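Take a look at the structure below.
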There are 2 protein chains.
Amino acid sequence: MEKYQQFWCFRLGAITRKISREYNTRFLEFGITLGQSFVLFDLLEHDGAGIKDIAGRVQLDSPAVTGLVDRLSRQGLVERIDDPSDRRSVKILLTEKGKELAGRLLPIAQEYNSCIKDAIDSLDVPIFERSLTQLEQNL
Amino acid sequence: MEKYQQFWCFRLGAITRKISREYNTRFLEFGITLGQSFVLFDLLEHDGAGIKDIAGRVQLDSPAVTGLVDRLSRQGLVERIDDPSDRRSVKILLTEKGKELAGRLLPIAQEYNSCIKDAIDSLDVPIFERSLTQLEQNL
DNA sequence: GACAAGATGTTAATATGTTATTAATTTAAA
DNA sequence: TTTAAATTAATAACATATTAACATCTTGTC
C-alpha cells in the first residue's frame, strides 16, 4: 500500500467522486447533475435568494454558483430576476418546472443517502457523523 | 439546517474541497497541485508505470491522468518514453528534478495529514478510518 | 497469416471548482 | 456632497474530472 493512499484527503476524494458518479447516474434521466441538484434543493427553502447566499450555503464560490444557475436556467428550471432593492444583486427563482423537479429529486437523493449509510456498521454511523462535524468545524 | 446539508455526499464534498484548497496553498510555492502530487508520489514507488496503472492506483480515469502527466512533464518533473515491449503503451519516468521534488513534498503532505487527524477526537480516529475502509469496499 | 476483439493512450466536449479581475452599485467617511 | 471603500455578480484563465470517440497496437482464433 502506497503512502499517499492512506492520506485522508486522497481517500475522501476518491469516495466523494464515486458517490457523485452514482448520483449523477441516477439523475441522468432528469438532465441534472449532483451540484445542480443542491442549488435546486436550496431554492426549495430559499426561493429568491441571491448568488452569494446560495454560495454560502452550498459551500462554493460565487463563480461556481453562477455557472450552476446558468445551466439550470438554460433548462428553464430557475429564473434570474433583478433585485429591486439592490441593483447589483439578482434573485434566483424556481420556475414551476424547477419546483416540480426539485420535489421529485429530493426523495431519490435521500434514498441513496441511506444506501451510503448502510455501507458502514450501523453502530459506527453516529461516530462517523460526529467526526464529519468536527472536520467541518476544526479545519 | 437544510435537508441536503445532511447528505453525506454534500458534507464529504465540502470537506474534501476545503482540505484540497489547503494542500494547494501549501504546494503553491512548488508550482504543484494536490492531484499532481499524487502522481509524483505514485511514481516514487512505481517509476516507469503506464497511464492505466497510475490511473488505477490514484483512482482516476485515464484521460485525467493524461492531463496531470502533461502538466508535470511541461514542468520537467516527469518524462514520457515509449514502452519497448508494447508500442501502444508509454512509460512515465520521474526526472531527477521530479524525484527531488516528490521527496520534498511527501513530508509536507504527511504533516498536514496529521493536522487533519487532529481535527477529530483521537479515540474516534480508528473508527473513522474503519468507516472509510467500509465506504471504499461497499459502495 | 488474416481478422475480430480487446487494450492503451489521446483528444474533444462538457461540467465543475478556484483565483484574479472587472463592472456596477451601494455604503460610509471626510 | 464628493470621494473612498466595500459589496454583488459576472467573466477570464486555469486545473480538474467524466464520457464518448478515436487511432494505434496486441492478441487470440480460425
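Residue numbers start from 1 in every chain, and the chains themselves are labelled A, B, ... in the order their sequence lines are given, proteins ahead of strands. These numbers come from a predicted model, not from an experiment.
Atom CG in A:Leu28 sits about 12 Å away from atom P in C:dA15, given to the nearest Å. Rounded to an integer number of Å, the gap from CG of A:Asp86 to P of C:dA24 is 15 Å. With rounding to whole Å, A:Arg88 atom CZ is found 17 Å from C:dA23 atom P. For the pair B:Lys52 NZ and D:dC25 P, the interatomic distance rounds to 18 Å; values are reported in whole Å. The nearest whole Å value for the distance from the CD1 atom in A:Ile19 to the C1' atom in D:dT18 is 17 Å. Rounded to an integer number of Å, the gap from B:Asp82 CG to D:dA23 P is 20 Å. A straight line from CD1 of A:Ile54 to C1' of D:dA10 spans 14 Å, rounded to a whole angstrom. Nucleotide D:dT8 holds its P atom 8 Å from the CG atom of A:Asp53, rounded to whole Å.
A:Gly67 comes within 4.0 angstrom of no nucleic acid atom, judged by non-hydrogen atoms across all strands.
Each of A:Leu60 and A:Arg87 has a nearest nucleotide on DNA chain C; the 5'-most of these lies closest to A:Leu60. Along DNA chain D, the nucleotide closest to A:Val90 and the one closest to A:Arg21 are compared, and the more 5′ of them pairs with A:Val90.
By the 4.5 Å heavy-atom criterion applied to side chains, B:Leu106 and B:Leu40 are not counted as neighbours. Residues A:Arg80 and A:Ile92 form a side-chain contact, since some pair of their non-hydrogen atoms from C-beta on lies under 4.5 Å apart. The closest side-chain heavy-atom distance from A:Ile116 to A:Tyr23 is below 4.5 Å.
The side chain of B:Thr33 lies closest to D:dA15 when the candidates are D:dA15, D:dA20, C:dT19. Between D:dA9, C:dG17, C:dT18, one nucleotide has an atom nearer to the side chain of A:Ser89 than all others, and that is D:dA9. Of the candidate nucleotides D:dT18, D:dA17, C:dT18, C:dT18 has the atom nearest to the side chain of A:Pro63. Listed nucleotides D:dA9, C:dT18, D:dT18 differ in distance to A:Arg17; the shortest reach to its side chain belongs to D:dT18. In this structure, the nucleotide among C:dG17, D:dA10, D:dA17 sitting nearest to the side chain of B:Ala64 is D:dA17.
Between B:Thr66 and the phosphate of C:dT10, there is a side-chain N or O to OP1/OP2 separation shorter than 4.0 Å.
Looking at A:Asn113, its side chain does come within 3.5 Å of a backbone N or O of B:Trp8 through a donor-acceptor pair. Counting only distance, with no hydrogens or angles, the side chain of A:Lys97 and the backbone of A:Gln75 share a donor-acceptor pair below 3.5 Å.
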